[in-house]
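Scroll down for the structure; my scribbles are underneath it.
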Amino acid sequence: MSLATCLLTKGQEMEILMQTENGAKVLQVELGARSYPIHIGPGVFAEAGRLLRTVYSGRRAFVVSNPTVASYHLAALRQGLSAAGIAVEVWQAPDSEQAKNWEELYKILGWLLESRAERQTPLIALGGGVVGDLAGLAAALYQRGMPLIQAPTSLLAQVDSSVGGKTAINHPLGKNMIGAFYQPQQVWIDTSTLSTLPSREYVSGLAEVVKYGAIRDRAFFDWLEKNTEALLAREPAAVGYAIHQSCWNKAMIVAADERETGERALLNLGHTFGHAIETALGYGAWLHGEAVAAGMVLAGRLSARVCGLEESERQRLERLLTALGLPLTSPDFSLETWMTLMGRDKKVADGKMRFVLLERLGHAVVRQDIGEEELAQVIRGSEARGRESGRAKP
Ligand code: NAD
Ligand code: GLY
């Protein structure tokens, strides 16, 4: 039995093993008429033309990327598409979180118009979560929607942002505040692209991987604890399994709750705190996964206070994050700053902050009844810890 299957339940195993194609695994996000496959494997870009032909018969495709990713991976994608007679035209956005803004979005839309892109011509997002979110929103808006393909190249994008249809740009008052739900038609995860991903970015992506184990997949959490070294060494079997299991969990959640009216909110473990960190420090100062990791630590401490998370389980979460090289300590904001920043988060409903908390590892709940005092205790504890250990840094 392979590493990728040994820890799955019978049902999961069937789901995953039934669908192996040319060495790549294929998962399906079940959304009725908007269902789509996620192809995962080391040579997916070489197959891009064949994959796109299943949904598109034309000869042009548009690619949005950035100079960093394009320099490494555009050639392979271009070659894969040209094998099926599809030529690409490419837009390169700046390589930065700041690219998720109106101006860049508008430039992409202008480029599509000048290039006479037609409504059925696919737009391929080749890059990390920034490119995926920006290009995804452009695809949603262009002529009220053109086909979108997500071709994620960062670990974070491969395990999270490319699946589920959230697209967005930032506003100075809040991250991802302007966007749309817009599902891709296919997701192409070529795991070989990770070989060029800088270490800090790779580790940041591991935070979202831990999240899936913590919120709904205890066996996966156990597996992560045992495989930290293999993951940090980027051993292909371990990385492939982690991506696969993350996408499987995400696909299940999205299929159950596409628009985040319920279960999907669980994907935001650590994000209420994490988004506050990103907003306060300026987008990009801390990487998204780093902010989420520090946020999960605070969520774990709050869970221990109000949700019955056992101390030993809380410590396991912190130990795993530490073993993976993720930050535990949040920046030293005042309570007032935290409250203001978190009050602006999208997870506020009826004026009340919503927190994703853990009752135990592998089981998360959404709570909207957290008193200010409980929150203050956790945040003050974190301030004190920050002072003890020096300035928090990602
Ligand atoms: P990113 O897109 O900025 O990519 C990180 C860095 O890695 C960039 O410099 C990028 O050029 C580079 N890079 C990407 N792939 C590479 C590769 N294979 N080789 C070398 N360099 C590579 O950041 P990210 O962490 O991928 O994504 C973060 C963004 O995703 C945030 O804006 C966040 O809000 C968003 N996000 C969206 C969702 C969603 O559901 N839509 C979920 C989580 C995060
Ligand atoms: N990354 C959170 C979500 O997709 O809902």
Side-chain angles (χ1 to χ4, degrees), residues 29 45 64-74 76-77 92-101 104 125-137 140 148 150-170 174-184 187 189-209 211-212 215 234 246-247 249-251 253-254 256-272 274-275 278-279 283-284 286-292 346-347 356 394:
V29 182
F45 285 177
V64 173
S65 190
N66 71 32
T68 315
V69 174
S71 71
Y72 291 124
H73 303 296
L74 179 61
L77 184 65
Q92 296 191 27
D95 181 0
S96 131
E97 177 73 31
Q98 277 73 20
K100 282 174 60 172
N101 67 28
E104 293 302 325
L126 173 70
V130 166
V131 165
D133 281 9
L134 177 66
L137 186 55
L148 170 67
Q150 289 282 3
T153 59
S154 69
L155 181 60
L156 185 138
Q158 294 185 349
V159 299
D160 191 355
S161 60
S162 63
V163 175
K166 281 190 180 175
T167 71
I169 55 173
N170 299 324
K175 191 172 157 59
N176 294 331
M177 280 292 165
I178 298 161
F181 283 98
Y182 192 67
Q183 301 294 343
V187 181
I189 301 180
D190 190 325
T191 51
S192 68
T193 58
L194 294 179
S195 64
T196 59
L197 188 68
S199 175
R200 186 175 165 201
E201 298 290 348
Y202 176 78
V203 168
S204 166
L206 289 173
E208 300 282 10
V209 174
K211 175 188 80 179
Y212 293 109
I215 61 170
R234 305 193 201 190
S246 299
C247 287
N249 276 294
K250 180 133 189 197
I253 288 186
V254 169
D257 177 22
E258 182 185 9
R259 295 255 164 171
E260 200 170 312
T261 53
E263 190 182 344
R264 185 163 180 170
L266 300 181
L267 289 170
N268 295 317
L269 178 68
H271 285 58
T272 303
H275 282 167
E278 288 181 281
T279 304
Y283 305 130
W286 278 41
L287 300 183
H288 179 69
E290 294 168 343
V292 166
K346 289 194 296 309
K347 284 162 284 300
V356 180

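Both counts, for ligands and for their atoms, begin at 1 and track the order of listing.
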Can you tell which of [options] gets a heavy atom nearest to [atom]?
atom	options	result
atom 6 (C) of ligand 1	E201, E97, H73	E201
atom 41 (N) of ligand 1	T153, D133, L134	D133
atom 1 (N) of ligand 2	D160, V254, L267	D160
atom 36 (N) of ligand 1	S161, G274, A99	S161

Test item, G289 contacting ligand 1 (heavy atom, 4.0 angstrom): no
Mind checking whether K250 has a heavy atom under 4.0 Å from ligand 1? yes
Among protein heavy atoms, which lies nearest [atom], and at what distance?
atom	answer
atom 25 (O) of ligand 1	L156 CB, 3.7 Å
atom 8 (C) of ligand 1	D95 OD1, 3.2 Å
atom 30 (O) of ligand 1	G129 CA, 3.3 Å
atom 43 (C) of ligand 1	D160 OD2, 3.6 Å
atom 34 (O) of ligand 1	K175 NZ, 2.8 Å
atom 16 (C) of ligand 1	L197 CD1, 3.5 Å
atom 4 (O) of ligand 1	G128 CA, 4.1 Å
atom 19 (N) of ligand 1	T196 OG1, 2.6 Å

Using atom types as modelled and distance alone, determine if a side-chain donor or acceptor of [X] lies under 3.5 Å from a backbone N or O of [Y].
X	Y	value
D257	G262	yes
Y182	L148	no
N66	Q92	no
K250	V163	yes
R234	Y202	no

Rounded to the nearest 0.5 Å, the NZ atom of K166 sits from the CD atom of E258 at a distance of 11.5 Å
Let me confirm one number: the OG-CD distance from S161 to Q150, rounded to the nearest 0.5 Å. 6.5 Å
Less than 4.5 Å apart, any side-chain heavy atom of [X] and any of [Y]?
X	Y	result
L134	I169	yes
K211	L267	yes
V292	H271	yes
Y72	T153	no
L156	L287	no
V131	V69	no

Any N or O of [X] that comes nearer than 3.5 Å to an N or O of ligand 2?
X	result
H271	no
K211	no
N268	no

Residue [X] vicinity, atoms of ligand 1 by number, heavy atom under 4.0 Å:
X	value
K100	31 (C), 32 (O), 33 (C), 34 (O), 35 (C)
H288	43 (C), 44 (C)
P198	20 (C), 21 (N)

State whether the shortest distance between N or O atoms of [X] and N or O atoms of ligand 1 falls below 3.5 angstrom.
X	answer
Y72	no
K166	yes
N66	yes
V130	yes

I need the contact type for N176 against ligand 1. Using non-hydrogen atoms and a strict under-4.0 Å cut-off, is it side chain, backbone, both or neither? side chain
When you look for heavy atoms under 4.0 Å from ligand 1, do you find them on the side chain of V69, its backbone, both, or neither? side chain
Candidates L126, V187, D190, D160 - the one meeting side-chain contact (heavy atoms from CB on, under 4.5 Å) with P152: V187
Say whether E208 and H288, considering side chains only, have a donor N or O and an acceptor N or O under 3.5 Å apart. yes
Pair S65-L74, side chain to side chain contact (heavy atoms under 4.5 Å, CB included): steps then yes or no: CA-CA 8 Å; S65 190; L74 179 61; 5.8 Å; no
With a 4.0 Å cut-off on heavy atoms, is K250 touching ligand 2? yes
